[in-house]
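Have a look at the structure below before the remarks.
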Amino acid sequence: MERSIEEKWRDRWAESHIFEPAADTTREKFFVTVPWPYTNGSLHVGHGRTYTLGDIVARYKRLTGYNVLFPMGFHESGTPILAFSERLRNGDKDTIRLYMSYLSEYEKPEDIDRILESFREPQNIADYFSRVIIKDFMDLGYSIDWSRKFTSADPFYQEVVKWQFNQLNEKGLIKRGSYPILYSIRDENAVGEDDIKDGDTDKVSIEEFTGVLFRGEKYSLMAASLRPETIFGVTNLWINPSAGYEMVRYRGMDIVMSSSGCKKFSMQHEGVQYVRDVPSDEIVASEFQVPFSSEKVGVLNAEFVDPDNGTGIVYSVPGHSIFDYIYYNKNGIKNNLKKVVKVDRNVSVESLVEKYDLEKNSERLKDATQELYKEEFYNGTLINSGRYSGMSVEAGREAIKREMQEKNLAYIFYETTRKAVTRSGSEVIVAVLNDQWFIDYSPEWLKEKAHELVNSMKFYPELYRKLMNDAVDWLKERPCARRRGIGTKLPFDERWVIESLSDSTIYMLAYTNKNELESIYAHLKKIPYGILDYILLGKEVREKYDEYTMENARKARDEFRYWYGNDLRITAPPHISNHLAFYIMNHAAIFSGKELPGGLMISGLVISNGAKISKSKGNVISLLEIIKHYSADIYRLFMAAGADISSLLDWNEKDLSSVIKRYSYFTDILDAYSPGDDDSNYIYSWFKSAFYRNLKTYIADMESMNIRDSYIAIFYNVMNDLRNVESHGGNINIALKPVLADWLKALSPIIPFAAEEYWHRHIDNNSFVSAQTIDMNIDNRIDYNILKSENYLNRVISDIREILKIIHIDAKKATITVYGQKQKTFLEEYPGGNLDREYRTMIGDYMKNKNRIDTEMIDEYSIIEANRKYLESSLKLDITVVKSDSIQKKNPWPGRPLIEIS
RNA sequence: GCGGAGAUUGCCGAGCUAGGAAAAGGCGAUGGAUUUAGGGUCCAUUUCCGCAGGGAUUCGUGGGUUCAAAUCCCACUCUCCGCACCA
């Protein structure tokens, strides 16, 4: 469709408000949602899949008679918008370039600088991109009810979020506790992936070390280890002679570690105090006691110790660490390996050093260490380890760690998995927050309710049900508030902002009564919990409110009761273990019955030209660009028919061109269409039956959300059938006339613009196809006999072709002998067993062909006779058809005529 | 590590949760048609054998169940994805 036509329908749909439904208790409702977009930029080809699927479902449900609510809002919570705005203020070149590229698509060059300037205020970014996204969505023909739009930053909505947290708190699901996070000391703030340099490409996570204390006469050394179970194999300690070491006092003990270790430790434990610097010479001069043992070990200098990793002190276990072992050998240190882990296979420090010749090939060191580590962890047993001997490494590690902690012989020491700095260059470490707020998803009653819910919901595709149940089991405590970012203040502690995923777990309910809630908020400047308890839970209102408030509350309650229960939510796989899990858990915690979620559709990833969509690959294609270059219908067709919903969809030129080809074949037909005469010729009757069979398949597939299959039936198959009409010498206009209205209706969910345009041109200029319903009772419009006839004809053609293929003669003529009375009589009499004598000679031939004979007999002679011209032109042969009147050695059977070519 | 998904004919990709098709569809390739010049459209072919519609061998590897398995069961090999404050 030309852009101007799509724009025309976009505007006329909006003007006529046909997608803004009212509650109507006489009609069944269907409430479908997709995640609200985050407004820090414009959307690209990948984002559109979920939204397009949402619109297809919404339009389809409308078509089949439901009162459909398909709303949309915008997510503004969290840190990214703030971070981007800040980076723009700081003049970050990459960020400026990024936003210039967004703006250059939508704005005139002279306006860009002014708008960019306005982005120094974060709210302007959110406002700008929500406008842009609305425009894109309208251009794509989405049948969204924009009258219910709101954002997560809207004050009325924040009242709902607070209410939600209050509900969770009343159910005992809000907790406080300590929690390790990535942190920047200089910025005095938590950092997320977005704040870390290369954080999106090279992920930083938190690793838990055991900081083991080795007691000396004056102080203890703390060595950080990932393998506390090797403590019985310690032969010495390593420190880096050129690093700085400090002493801190913690729980009455003097502990020494590297300066950087001290800094981290003090961010992870409360009451850590600096005492003095300690020169490395002083440390090396002393001996220290190994935990659980009376033995003392010395401290050796080693340059390989990194003072910025862990505590800058490591204990040496040459029996189980390749690094230590090699360092021993290189420096001629007396080798007194202690073995504390036994494995069955011949994998050990010595064997690996030999196998990879590690003394010379240091590049294999890491791999070899991994190999050893794995082998010992999974197959190792502790030996020479006191009362831990005999335990598996896996169990022993936990037990030893626990005992050391209980006896104040070790403390947890968190470290990042790689060295990281923020985008502004300050160091990222792990800090422990002692008063972090959590939602506790672990109570048994909640898990049970959630599983019950998951098992009662519909899943498309079904395999995600299991994944969802696993995610429910896996959820424990979820930190639910942060110290910064856009969002709602935690009602019990206003210093905290509710974390951005936790504020969006039940938000879809506000679509049902957004306008009433907003009115109440505007009127009272708040929405009291009592009012929300009434609207959302049906509890009695105890406090006294004025009539305006109560009237809106009653209306809001009615809207909520009619609409709620999110019948289908459509989203993508990365949401399963977070957003969707919370969505399910929070609903299970607060709601019950029909207000619980009804179904989930999870669509697969979209890639672009064979690669993951990313700026660095240069394959980001914005939705606007697509609309401009290809048209909305083509994008929608590709999204729907390009791949099954669960599988990966690759946006690429090649597949696109075949979609465009089919689409223009379609528009060519409809542009040229003018209603033909009524005609009930064989081929038109056939087409009509074939069409309704396709429509039946379409409906069945749509009902089970097999969107791709349904469109293959109604789009591709119908067009192939039209070709078949032509090759029979038929006329497309005549064939289409009786089915065109239904065809356009069925196509309207996926290519609404074309469907709307042709509906107005060819069917009815005074109504919208987008607002029609379709008659689902179609079985009586399918004549299965005629479908069988056509099927038979095609089988005859392919049989003849097969013969032509292998006989190398110059064929002129085919004689087709179809079954006659004799064969018919035989087939009727044979099952009874009392055949006349003359028929008995047929038994052998019958047995040979038994499996290929049609059980239902059709009038093959007439079918071929009526379509002789078609056969002749397809095969380029003269065709003669005769009906068998005798018993032969080789007989024609129903569905298996005899063919003779000469 | 935990959890999950998958290995199909040149390629991509259905079918595999009701076991009975050399296995949909697309792309590519080959041949043909079209007012006959190779990028358009249409038709046919595309595992192997076959001068009559037939036969043989295929769906990661190796076993098993069954009259019958790409489809069910077991083992093995390999590949991919998610994992918490990030929206």
Side-chain angles (χ1 to χ4, degrees), chain A residues 35-40 75-81 83 152 179-182 190-196 199-200 203 205-206 373-374 377-378 394 433 436-439 441 461-464 466-471 473-483 485 498-504 573-579 581-582 604-605 610 641-644 646-648 650 652 654-655 657-659 661-662 665 708-709 712 716-717 720 723 726-727 795-809 811 814 849 851-852 873-876 890 896-901:
Chain A
W36 45 7
Y38 188 71
T39 47
N40 67 330
H75 199 200
E76 299 181 354
S77 316
T79 49
I81 291 177
S152 63
Y179 192 73
I181 53 161
L182 294 176
V191 295
E193 192 178 288
D194 267 346
D195 306 311
I196 296 171
D200 46 346
K203 203 170 146 55
S205 45
I206 294 171
Y373 184 97
K374 268 196 166 169
F377 185 75
Y378 294 110
E394 197 174 353
L433 291 182
Q436 173 69 51
W437 292 90
F438 293 93
I439 300 177
Y441 286 118
E462 180 60 34
L463 71 96
Y464 287 108
K466 182 165 170 18
L467 237 57
M468 207 64 242
N469 271 321
D470 288 340
D473 283 332
W474 166 80
L475 274 180
K476 297 186 297 247
E477 288 171 334
R478 157 90 186 179
C480 63
R482 302 191 68 182
R483 293 299 194 131
I498 289 170
E499 179 272 325
S500 57
L501 282 181
S502 300
D503 82 356
S504 302
H575 285 145
I576 291 170
S577 61
N578 46 64
H579 167 69
F582 308 150
L605 194 72
D644 201 65
S646 65
S647 45
L648 188 109
D650 185 8
N652 64 82
K654 212 172 70 180
D655 291 349
S657 71
S658 81
V659 167
K661 212 159 71 185
R662 287 319 203 95
Y665 179 70
R708 178 169 183 257
D709 291 344
I712 286 174
Y716 296 97
N717 288 356
N720 283 339
R723 285 214 170 105
E726 281 186 307
S727 58
R795 205 159 66 207
V796 170
I797 291 176
S798 76
D799 270 358
I800 293 175
R801 283 203 171 116
E802 192 159 348
I803 296 168
L804 287 173
K805 199 172 75 190
I806 42 182
I807 58 168
H808 302 124
I809 61 170
N849 291 294
N851 295 327
R852 286 183 284 260
S873 67
S874 317
L875 292 164
K876 311 264 184 305
K890 204 171 166 194
R896 300 256 327 146
L898 291 181
I899 295 163
E900 209 172 319
I901 289 172

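Letters go in sequence order (proteins before strands), and every chain restarts at 1.
If you take OH of A/Tyr716 and P of B/A14, they are 15 Å apart, rounded to a whole angstrom. The distance between atom NE2 of A/His575 and atom C1' of B/A84, rounded to the nearest whole Å, is 14 Å. Rounded to whole Å, the distance from CG on A/Asp503 to C1' on B/A87 is 11 Å. Atom P of nucleotide B/G3 and atom NZ of A/Lys476 are separated by 13 Å, given to the nearest angstrom. The distance between atom CG of A/Leu467 and atom P of B/C83, rounded to the nearest whole Å, is 12 Å. Counting to the nearest Å, the P atom of B/A84 and the CD1 atom of A/Ile498 are 22 Å from each other. Atom pair A/Glu900:CD and B/C51:C1' shows a separation of 15 Å (rounding to whole Å applied). Across the protein-nucleic acid pair, A/Ile576 atom CD1 and B/C86 atom C1' stand 16 Å apart, rounded to whole Å.
B/C59 and B/A69: their P atoms are spaced 11 Å apart (whole Å). Comparing the same atom, P, in B/U8 and in B/G60 gives a spacing of 6 Å after rounding to whole Å.
Across all strands shown, A/Pro37 has no heavy atoms under 4.0 Å from either base or sugar-phosphate atoms. Contact annotation for A/Ser502: no contact, since no heavy-atom pair falls under 4.0 Å across all strands. Within the nucleic acid shown, A/Tyr179 comes within 4.0 Å of at least one base atom, counting heavy atoms only. Counting non-hydrogen atoms under 4.0 angstrom, A/Asp470 reaches the backbone sugars and phosphates but no base. Contacts of A/His579 with the nucleic acid, taken as non-hydrogen atoms under 4.0 Å apart, are absent. Using a 4.0 Å heavy-atom cutoff across all strands shown, A/Ile800 reaches no nucleic acid atom at all. The residue A/Leu433 sits apart from the nucleic acid: no heavy atom pair falls under 4.0 Å.
Looking at the side chain of A/Leu501, the nearest of the listed nucleotides B/C42, B/G53, B/C86 is B/C86. Listed nucleotides B/C85, B/C42, B/G53 differ in distance to A/Pro479; the shortest reach to its side chain belongs to B/C85. Listed candidates were B/G82, B/C42, B/C86. Nearest to the side chain of A/Pro80 is B/C86. Nearest nucleotide to the side chain of A/Arg708, out of B/C85, B/A24, B/U41: B/A24.
Residue A/Lys661 has no polar side-chain atom (N or O) positioned under 4.0 Å from OP1 or OP2 of B/G26. A sub-4.0 Å separation between OP1 or OP2 of B/C86 and a side-chain N or O of A/Arg482 is present. Between A/Ser577 and B/C83 there is no side-chain polar atom (N or O) within less than 4.0 angstrom of OP1 or OP2.
Ring geometry for A/Phe438 against A/Tyr179 counts as perpendicular: the plane angle is over 60°, on a 0 to 90° scale with 30° as the lower cut.
Summarising the geometry of A/Ala814 relative to A/Ile800, their closest heavy-atom pair is CB-CD1, 4.5 Å, with the distance given to 0.1 Å. Closest approach of A/Ile576 and A/Ala471 over heavy atoms only: O-CB, 4.1 Å.
Between the base of B/C85 and the side chain of A/Arg478 there is a donor-acceptor pair shorter than 3.5 Å.
The backbone N or O of A/Ala481 lies less than 3.5 Å from a partner atom in the side chain of A/Gln436, making a donor-acceptor pair. One N or O on the side chain of A/Tyr38 and one on the backbone of A/Ile81 form a donor-acceptor pair closer than 3.5 Å.
B/A52 is unpaired under the Watson-Crick or G-U wobble criterion, no partner having all donor-acceptor distances under 3.5 Å. Nucleotide B/U61 forms a Watson-Crick or G-U wobble pair with B/A75, both donor-acceptor distances falling under 3.5 Å. Shown here, B/G28 forms a base pair with B/U46; the pair counts as Watson-Crick or G-U wobble because both key distances fall under 3.5 Å.
Side-chain contact between A/Ser500 and A/His75 is present, with heavy atoms from C-beta onward closer than 4.5 Å.
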